[in-house]
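Working notes, beginning with the structure itself.
No hydrogens, no waters, no symmetry mates; every other heavy atom, side chains included, goes into these values.
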Amino acid sequence: MLELDKVPCTGPIGPRRDGVDLPFWEGLAAGELRMQRCSTCSHWWWAPSWRCGACGSWDLHWEAVPPRGKVFSWVRTHQPFSAAMKEFTPFVTLLVELPDAGNRRLFGILVGPEDGLEVGAPVTGVIQKPSELTSGMAVLRWTLATA
């Protein structure tokens, strides 16, 4: 079982150089999950974009959404792909579907008990505080809502 605030990142993280996802990272730093949405057609987007792929509008904004969803898929990783993850292997990576954000899906590491882990299980997002383990960035993690 992985514990929040003790899990390193599996690779480089942070805003892209072009800044398109900066509001996502700023949201995590402020304690909230922000997702991109088109102001014209209301379509939700992930991964972040400068332009709406549904209607072509350039008028996209970021909305705070509840950090809750359901497991769409998951995988248990047994190979430590980085030296930092060696002591944390095996770990579970989730693909979480967010009903409050047009069913967009986000990846994240599961922390806490794994009892009840299955496709469709409800999960809640928790924010790991910035630390050396997270390259100084706040990071979204997931915990089973039934735990």
Side-chain angles (χ1 to χ4, degrees), residues 2-112 117 119-145 147:
L2 296 179
E3 295 180 46
L4 185 65
D5 295 332
K6 295 185 179 179
V7 182
C9 289
T10 57
I13 63 165
R16 289 180 15 185
R17 280 186 282 214
D18 66 3
V20 69
D21 62 345
L22 183 60
F24 171 78
W25 295 101
E26 291 173 337
L28 292 179
E32 61 186 23
L33 173 58
R34 294 179 188 164
M35 297 292 290
Q36 195 175 41
R37 192 170 195 186
C38 178
S39 298
T40 302
C41 73
S42 298
H43 192 87
W44 292 92
W45 284 105
W46 191 263
S49 178
W50 292 111
R51 190 170 184 197
C52 178
C55 74
S57 173
W58 292 89
D59 191 12
L60 300 171
H61 65 279
W62 290 81
E63 288 185 27
V65 297
R68 64 177 179 242
K70 63 182 179 179
V71 175
F72 183 82
S73 185
W74 64 275
V75 64
R76 185 178 317 279
T77 301
H78 295 273
Q79 173 66 35
F81 293 104
S82 70
M85 289 304 289
K86 187 172 184 174
E87 71 179 271
F88 298 98
T89 307
F91 61 92
V92 174
T93 302
L94 303 177
L95 180 58
V96 175
E97 190 170 76
L98 304 171
D100 295 309
N103 292 322
R104 296 299 100 197
R105 297 178 188 139
L106 293 178
F107 281 108
I109 293 176
L110 178 67
V111 295
L117 175 59
V119 170
V123 291
T124 302
V126 290
I127 298 174
Q128 183 175 342
K129 296 175 186 172
S131 72
E132 287 183 25
L133 293 172
T134 63
S135 302
M137 302 295 295
V139 180
L140 181 65
R141 305 296 191 191
W142 297 100
T143 185
L144 288 166

Could you check if a side-chain atom of V139 sits within less than 4.5 angstrom of a side-chain atom of L133, using non-hydrogen atoms only? no
Here the pair of heavy atoms bringing L60 nearest to S49 is CD1-O, 3.2 Å
Which value, rounded to the nearest 0.5 Å, describes the distance between D21 atom CG and R34 atom CZ? 13.0 Å
Tell me whether D100 contacts the main-chain N or O of V65 through its side chain, where contact means a donor paired with an acceptor under 3.5 Å. no
Flag, side chain of T77 to backbone of Q79, donor-acceptor distance under 3.5 Å: no
Taken to the nearest 0.5 Å, the spacing of E97 CD from L106 CG works out to 11.0 Å
Please name the pair of heavy atoms, one in K129 and one in D5, separated by the smallest distance, quoted to 0.1 Å. N-OD1, 3.2 Å
How far does CH2 of W25 sit from CD1 of I13, to the nearest 0.5 angstrom? 4.5 Å
Determine the minimum heavy-atom distance between G56 and R51, stating which atoms define it. O-NE, 2.6 Å
Is any side-chain heavy atom of N103 less than 4.5 Å from a side-chain heavy atom of F72? no
Shortest non-hydrogen contact from L94 toward V92: CD2-CG1, 3.8 Å
Side-chain donor or acceptor of Q128 paired with backbone N/O of V7 under 3.5 Å: yes
Answer yes or no: is there a donor N or O on one side and an acceptor on the other, between the side chain of S135 and the main chain of M137, under 3.5 Å? no
So, S57 side chain and C52 main chain: donor-acceptor pair closer than 3.5 Å or not? no
Looking at A138 and P130, what are the two nearest heavy atoms and their distance? N-CG, 3.7 Å
What closest approach, in Å, do L95 and R105 show between heavy atoms, and which atom pair accounts for it? CD1-CB, 3.6 Å
Please tell me if the side chains of M85 and P8 come closer than 4.5 Å, counting only heavy atoms from C-beta onward. yes
Taking the side chain as C-beta and beyond, is there a heavy-atom pair between R37 and M35 under 4.5 Å? no
Distance in Å, W50 CH2 paired with Q36 CD, rounded so as to fall on 0.5 Å steps: 8.5 Å
With a 3.5 Å distance limit and no angle check, can you tell me whether R68 reaches the backbone of T124 through a side-chain donor-acceptor pair? no
Contact check, side chains of V96 and F107, non-hydrogen atoms, under 4.5 Å: no
Relative to the ring of W62, is the ring of W46 parallel (under 30°), tilted (30 to 60°) or perpendicular (over 60°)? perpendicular
One should read off an interatomic distance between T143 OG1 and L4 CG, to the nearest 0.5 angstrom, of 8.5 Å
Under 4.5 Å between any side-chain heavy atoms of P99 and K70, yes or no? no
Taking the side chain as everything from C-beta on, heavy atoms only, tell me whether L110 gets closer than 4.5 Å to V71. no
For residues R141 and L2, determine if any side-chain heavy atom of one lies less than 4.5 Å from a side-chain heavy atom of the other. no
